[in-house]
Amino acid sequence: MVDKKILLLGSGFVAAPCVDYLVRRPENKVTIASRRLANAQALSNQFPGTVAVSCDINDEEAIEKLVSEHDIAISLIPYIHHAKVIKAAVKHKKHVVTTSYISPAMLEYDQAAKDAGITVMNEIGLDPGIDHLYAIKTIEEVHNEGGKLKEFISFCGGLPAPEDSNNPFGYKFSWSARGVLLALKNTARYLEKGKVVEVSGTALMDSAKKLNTGYPGFAFVGYGNRDSTHYDERYHIPEAETIIRGTIRYDGFCQFVKVLITLGFLSEEEEAYLDANAQDNITWNQILAKILNIHDTSAEALQAAVIQKCDLDHNDHKAQILDGMRWLGFFSNAQAQRRGTLLDTFCATLEEKMQYGENERDLVFLQHRFEIELKDGRHQTRTSTLVEYGKVGGFTAMAKTVGVPCGIATQLILDNQLTATGVLAPMSHAINQPIIELLEQEGIGMVERIL
């Protein structure tokens with residue numbers, strides 16, 4: 001049995017399920033590399049036989065040396081650094097796997113990767129990843145039967161399980177609060193009834209719609225995520241008149257966030273009164289009074305000013321929003337942590353109050369809805385649905401559904417069962433079917449229905 005040397009760059013929360021999958025095979029020798037050695041060691045200690053090393057992604061020479069010593073590199077570091085890993089992999093003819101969207105910088109290495117005979121497999125987590133696998137599966141089935149895909153609507157979200165959605169947002173942070181909030185300012189583009197619709201960041205929360213998932217127990221709303229318009233080419237569905245990919249949240253989240261945006265809590269502008277080096281304390285009612293440009297810091301005055309500024313008297317979620325602001329401490333003399341900007345000061349409070357508790361679990365919900373014109377002209381609706389819960393004391397649903405597909409793709413490349421070369425995403429039956437089969441053996445898969 002020949003040893004297979006695997007380099008894992010990054011030791012974040014999705015790394016553990018990936019390592020867990022790979023170390024089942026005794027020939028797999030895993031090296032875990034992180035900028036901080038302690039982080040790599042913490043992960044390595046969970047899996048006897050793995051090795052922890054320290055490595056800075058900006059040290060090109062060190063990265064190149066590490067990549068050259070292994071058969072494959074799994075890059076779970078921020079996507080902006082993947083191109084550096086691919087560059088080293090091309091030079092030393094080593095394979096690469098990432099869970100990230102293919103960026104222009106990564107795609108530049110496509111021909112070089114083909115010339116080197118290496119596989120650079122990307123977008124193989126949850127979203128992107130499992131979503132691609134089952135979208136392509138149904139689309140190829142429809143086309144092979146002579147049908148046309150008229151509408152493709154897909155929504156995905158990572159949320160607290162319903163019993164643990166016990167805060168006004170119905171949301172908890174398993175990663176950077178700042179990243180979650182900044183994503184709310186992105187512009188969404190999608191195709192609806194043949195027309196391109198563009199929703200600017202500030203209007204994104206207004207665009208949220210209740211979703212008909214077929215699961216009445218889940219009161220989800222969804223809003224557009226990034227740019228869906230190029231999926232007519234990516235998914236080979238030029239006939240589609242509607243293509244929407246979006247994000248799921250519990251009902252009430254968007255209305256609450258819209259108020260926070262109106263008040264300026266997503267502002268990244270430096271504010272002198274929020275200077276992190278200030279010696280005196282500042283409270284949330286003082287901050288809110290400053291935002292609202294009033295001198296009275298009493299709860300009654302602040303609440304009345306918020307209602308007026310955000311026009312809450314005409315909002316069905318008024319009570320929920322005000323309860324939420326009270327829960328955050330905005331109407332009280334609860335101390336705030338100055339961090340320079342309103343966004344970062346706000347994030348400090350969110351990260352303190354909205355973490356998962358020890359016995360709490362998360363939920364991943366992903367659903368595709370396909371509106372199809374069959375060969376004989378009849379109409380058909382199909383859905384593919386994934387519902388995955390985290391395990392208390394085990395992996396979160398999000399970590400599992402990102403890390404396991406990544407591990408499976410890595411193993412398939414090492415076993416020479418995934419041999420396509422270049423900078424790739426799972427966009428064809430030849431790549432996807434073996435991954436789906438192994439994924440379903442792990443108890444992860446989408447339930448497909450014809451309605």
Side-chain angles (χ1 to χ4, degrees), residues 167-173 175-188 198-208 221 223-225 247 249 252-278 280-354:
N167 68 50
F169 290 90
Y171 192 83
K172 290 184 179 176
F173 297 102
W175 61 295
S176 153
R178 194 178 207 274
V180 172
L181 292 180
L182 285 179
L184 300 173
K185 296 168 78 172
N186 290 342
T187 294
E198 192 164 298
V199 185
S200 69
T202 51
L204 192 58
M205 295 299 97
D206 280 332
S207 72
V221 296
Y223 53 87
N225 181 19
T247 299
R249 292 289 181 259
F253 175 92
C254 296
Q255 292 89 346
F256 192 14
V257 167
K258 189 191 173 190
V259 166
L260 295 171
I261 291 172
T262 301
L263 292 171
F265 280 100
L266 270 58
S267 169
E268 296 176 82
E269 282 186 34
E270 292 286 335
E271 300 286 355
Y273 74 96
L274 296 176
D275 185 348
N277 297 315
D280 59 326
N281 294 332
I282 192 165
T283 59
W284 270 115
N285 55 0
Q286 289 173 327
I287 291 174
L288 191 57
K290 193 157 187 68
I291 290 169
L292 294 164
N293 200 25
I294 63 174
H295 297 294
D296 190 342
T297 59
S298 68
E300 295 76 14
L302 291 171
Q303 187 168 298
V306 167
I307 291 168
Q308 184 179 5
K309 185 174 177 70
C310 301
D311 196 23
L312 292 188
D313 280 329
H314 302 98
N315 190 315
D316 292 341
H317 290 76
K318 174 184 174 180
Q320 184 181 346
I321 290 164
L322 293 174
D323 284 349
M325 297 189 79
R326 202 171 293 113
W327 178 82
L328 286 166
F330 283 179
F331 301 139
S332 75
N333 57 4
Q335 197 170 317
Q337 294 180 46
R338 286 184 171 97
R339 288 196 180 172
T341 70
L342 258 177
L343 173 67
D344 292 312
T345 302
F346 182 41
C347 284
T349 291
L350 294 183
E351 285 164 3
E352 184 184 306
K353 297 179 78 80
M354 290 172 60

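Because the structure is predicted, anything quoted here is derived from the model rather than measured. Count residues from 1 along the sequence.
- Looking at every heavy atom in both residues, Ala336 comes nearest to Ile287 through CB-CD1, 3.6 Å.
- To the nearest 0.5 Å, atom CD of residue Gln303 and atom CG of residue Leu322 are 4.5 Å apart.
- With contacts defined as side-chain heavy-atom distances shorter than 4.5 Å, the pair Leu350/Leu181 qualifies.
- Among all heavy-atom pairs drawn from Gly324 and Pro168, the shortest one is CA-CG, 3.2 Å.
- Between Arg338 and Asp275 there is no salt bridge, since no side-chain nitrogen of the basic residue lies less than 4.0 Å from a carboxylate oxygen of the acidic one.
- Counted within 6.0 Å of CG on Asp313, heavy atoms from surrounding residues, nucleotides or ligands total more than 12; the atom is thus considered enclosed.
- Partners of Gln335 according to the side chain to side chain contact (heavy atoms under 4.5 Å, CB included) rule, which considers only residues two or more places apart in sequence or in another chain, are Asn281.
- For NZ of Lys318, the number of neighbouring non-hydrogen atoms (other residues, nucleotides, ligands) closer than 6.0 Å is greater than 12.
- We find the CG-CG distance between Leu288 and Leu263 to be 6.5 Å, quoted to the nearest 0.5 Å.
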Could you walk me through whether Ile291 and Phe330 pass side chain to side chain contact (heavy atoms under 4.5 Å, CB included), step by step? CA-CA 11 Å; Ile291 290 169; Phe330 283 179; over 6 Å; no
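- Closest approach of Leu302 to Thr297, counting heavy atoms only: CD1-O, 3.5 Å.
- Between Phe346 and Trp284, the angle of the ring planes goes over 60°, which puts this pair in the perpendicular group of the 30/60° scheme.
- Ala188 and Leu204 make their closest contact through CB-CD1, 3.7 Å (heavy atoms, listed as atom of the first residue, atom of the second, distance).
- With sequence neighbours left out, the side chain to side chain contact (heavy atoms under 4.5 Å, CB included) criterion links Glu268 to Arg178, Leu182, Lys185, Leu343.
- Minimum interatomic distance between Thr341 and Leu274 (heavy atoms only, all atoms of both residues): C-CD1, 3.6 Å.
- Every side chain to side chain donor-acceptor pair (under 3.5 Å) that Ser298 has, sequence neighbours left out, goes to Asp296.
- Between Ile321 and the choices Leu312, Ile307, Val257, Asp316, the side-chain contact (heavy atoms from CB on, under 4.5 Å) rule is met once, by Leu312.
- One finds the CG atom of Asn167 at 4.5 Å from the CE atom of Met354 (value rounded to the nearest 0.5 Å).
- Considering only heavy atoms from C-beta on, Gln337 comes within 4.5 Å of Glu352 through its side chain.
- Rounding to the nearest 0.5 Å gives a distance of 7.0 Å between CZ of Arg249 and CG of Leu184.
- One distance of note links CD of Glu300 with CZ of Phe331; it measures 10.0 Å at 0.5 Å rounding.
- The two residues Gly329 and Ala334 come nearest to each other via the heavy atoms O-CB, 4.1 Å.
- To the nearest 0.5 angstrom, Thr187 atom OG1 is 6.0 Å from Glu198 atom CD.
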Apply side chain to side chain contact (heavy atoms under 4.5 Å, CB included) to the pair Leu328 and Phe265, showing each step before the final yes or no. CA-CA 13 Å; Leu328 286 166; Phe265 280 100; over 6 Å; no
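- No donor-acceptor distance shorter than 3.5 angstrom exists from the side chain of Gln320 to the backbone of His317, with no hydrogens or angles considered.
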